[in-house]
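Working notes, beginning with the structure itself.
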Amino acid sequence: MVLYRKYRPQKFADLVGQEEIVKNLLAQLESGKISHGYLFSGPRGTGKTSTARILAKAVNCEVYRPQSTDDSKKSGSQKSVVSSPTFGEPCNKCAACRAITDGSYLDLIEIDAASNRGIDEIRDLREKIKLSPVVGKYKIYIIDEVHMLTTEAFNALLKTLEEPPAHAIFILATTEQHKLPETILSRLARFNFKRAKDADVTQAILKVAKEEKLKLTEGAAAAIARAADGSYRDALSMLDQLSSNTQEISEGDVQSLSRVGGENLIFEFINLLLN
């Protein structure tokens, strides 16, 4: 399995460089004030789809479902409901969490808008969303690259966002928020993902290298972080490519792969242009 899939974040604490978004989402979950629609926008590889899947886990995690207990000693044969925290970090151990991790959860539907961008696909979605969840509490629809939908498809989606079923949550992900109609944007809770800091990506890469038993210097990890430009996924893809040839990765190896000659050469080039 490629590294970016093997080390994909499975809980909010695993997300790299999105502390403010994690804080806000956890606050919503713990208060129980969950929106019916979310928009995750930002550069590629910053964790939008991973966050959407973690959110799907959190609202369907079996740890947060009230459980019935037998209180027959106190009230005959009647059962009472033991309350649990509203929502929070997914446990990643229950059947729902494991199914979402391996992609077999029936109440999580992922749609690639780049290849399913027409009105017919959205009409089909509108018909199926009326059905109750099969196993979970919520039916989650993740629409990736949502800016690729046609105008007619957006109009069809708008009706569902205006009057969504109580059991449905939409999570729209995009790298180009400006292409979405204002009518859609106004009905969503918006979260803007940013590029992770080089220092955060460096530490994450060093942690993965340790798990994979790769010899990676801090300088090489920092070079990967710079070349990835704040994208955790791109950084892992680069590490994967480098480790296919050697178990000892140097800063020079990274620069050869990324065709980055170092910041000093960039400054030298600019000075030559000025002269």
Side-chain angles (χ1 to χ4, degrees), residues 4-5 8-9 15 18 21 24-25 28-29 33-60 87 96 99-194 231 233-234:
Y4 81 85
R5 291 186 62 189
R8 186 170 207 157
L15 292 169
Q18 308 302 334
I21 289 175
N24 289 335
L25 284 175
Q28 282 193 14
L29 289 165
K33 296 178 180 178
I34 300 171
S35 175
H36 70 275
Y38 292 87
L39 176 65
F40 293 165
S41 64
R44 59 182 173 75
T46 50
K48 299 183 296 296
T49 308
S50 293
T51 304
R53 290 175 179 168
I54 295 169
L55 182 57
K57 283 184 184 180
V59 297
N60 282 310
F87 296 105
I100 291 174
T101 298
D102 64 30
S104 63
Y105 197 64
L106 297 175
D107 293 319
L108 175 60
I109 300 94
E110 296 190 48
I111 301 170
D112 177 19
S115 54
N116 299 277
R117 60 194 303 263
I119 190 172
D120 291 337
E121 287 83 2
I122 300 301
R123 282 175 175 166
D124 182 59
L125 179 155
R126 287 177 57 184
E127 289 301 314
K128 291 180 179 178
I129 201 171
K130 298 174 185 177
L131 303 174
S132 298
V134 179
V135 291
K137 183 176 181 179
Y138 290 99
K139 181 177 286 189
I140 313 293
Y141 282 85
I142 300 174
I143 306 180
D144 199 15
E145 298 300 337
V146 69
H147 63 272
M148 297 290 288
L149 292 179
T150 63
T151 301
E152 294 76 14
F154 271 126
N155 290 335
L157 179 62
L158 178 62
K159 184 64 177 176
T160 304
L161 289 175
E162 287 175 336
E163 301 174 2
H167 60 256
I169 296 176
F170 283 93
I171 307 174
L172 314 184
T174 179
T175 54
E176 301 185 52
Q177 178 178 318
H178 62 279
K179 291 186 177 181
L180 272 66
E182 285 296 328
T183 50
I184 296 288
L185 293 173
S186 65
R187 288 162 174 80
L188 301 170
R190 286 177 261 180
F191 291 85
N192 296 317
F193 287 68
K194 58 186 179 182
S231 170
R233 183 180 65 208
D234 287 0

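For the residue pair Ser132/His167, the side-chain donor-acceptor check at 3.5 Å is not satisfied.
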Point to revise | Verdict with reasoning, Ile54 to Leu15, per side chain to side chain contact (heavy atoms under 4.5 Å, CB included) | key: CA-CA 10 Å; Ile54 295 169; Leu15 292 169; 4.2 Å; yes
Exercise for review: Under the side chain to side chain contact (heavy atoms under 4.5 Å, CB included) rule, what do Leu180 and Leu149 come out as? Steps first, then yes or no, please.
Suggested key: CA-CA 9 Å; Leu180 272 66; Leu149 292 179; over 6 Å; no
Check your understanding: Run the side chain to side chain contact (heavy atoms under 4.5 Å, CB included) check on Thr49 and Phe40 step by step: do they pass?
Key -> CA-CA 8 Å; Thr49 308; Phe40 293 165; over 6 Å; no
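Put simply, the side chain of Lys139 gets close to the backbone of Lys128: a donor and an acceptor are under 3.5 Å apart. Although no hydrogens or angles enter the test, the distance criterion places no donor-acceptor pair under 3.5 Å between the side chain of His36 and the main chain of Ala168. With hydrogens and angles disregarded, no donor-acceptor distance shorter than 3.5 Å links the side chain of Gln177 to the backbone of Gly42. Between the side chain of Glu121 and the main chain of Gly118, a donor-acceptor pair closer than 3.5 Å is present. Within the 3.5 Å criterion, the main-chain N or O of Asp120 finds no donor-acceptor partner in the side chain of Asp124. No donor-acceptor pair closer than 3.5 Å links the side chain of Asp144 to the backbone N or O of Asp112. No donor-acceptor distance shorter than 3.5 angstrom exists from the side chain of Ser35 to the backbone of Tyr38, with no hydrogens or angles considered.
Ser186 and Thr183 make their closest contact through OG-O, 3.1 Å (heavy atoms, listed as atom of the first residue, atom of the second, distance). Shortest non-hydrogen contact noted between Leu106 and Val134 is CD1-CG1, 3.8 Å. Taking each heavy atom of Tyr138 and Ala166 in turn, the nearest pair found is CE2-O, 3.7 Å. What you find for Gln18 and Thr46 is that their closest heavy atoms are NE2-O, 3.5 Å.
From Thr51, atom OG1 reaches atom CZ of Phe191 across 10.0 Å, with rounding to the nearest 0.5 Å. Interatomic distance, NZ of Lys57 versus CZ of Phe87, reported as 16.0 Å (0.5 Å rounding). One finds the OH atom of Tyr141 at 13.0 Å from the CD1 atom of Ile171 (value rounded to the nearest 0.5 Å). Here OG of Ser231 is found 11.0 Å from OH of Tyr4. Values are rounded to the nearest 0.5 Å. The CZ atom of Arg117 lies 13.5 Å from the CD1 atom of Ile143; values are rounded to the nearest 0.5 Å. Note that CG of Leu125 and CD1 of Ile111 are 4.5 Å apart. Values are rounded to the nearest 0.5 Å.
Between Arg53 and Glu110 there is a salt bridge, since at least one side-chain N of the basic residue sits less than 4.0 Å from a carboxylate O of the acidic one.
Considering only heavy atoms from C-beta on, Thr175 comes within 4.5 Å of Lys48 through its side chain. The shortest side-chain heavy-atom distance between Phe154 and Ile122 does not fall under the 4.5 Å cut-off.
Screening Ile140, Asp107, Leu108 for a side chain to side chain contact (heavy atoms under 4.5 Å, CB included) with Pro133, the sole residue that qualifies is Asp107.
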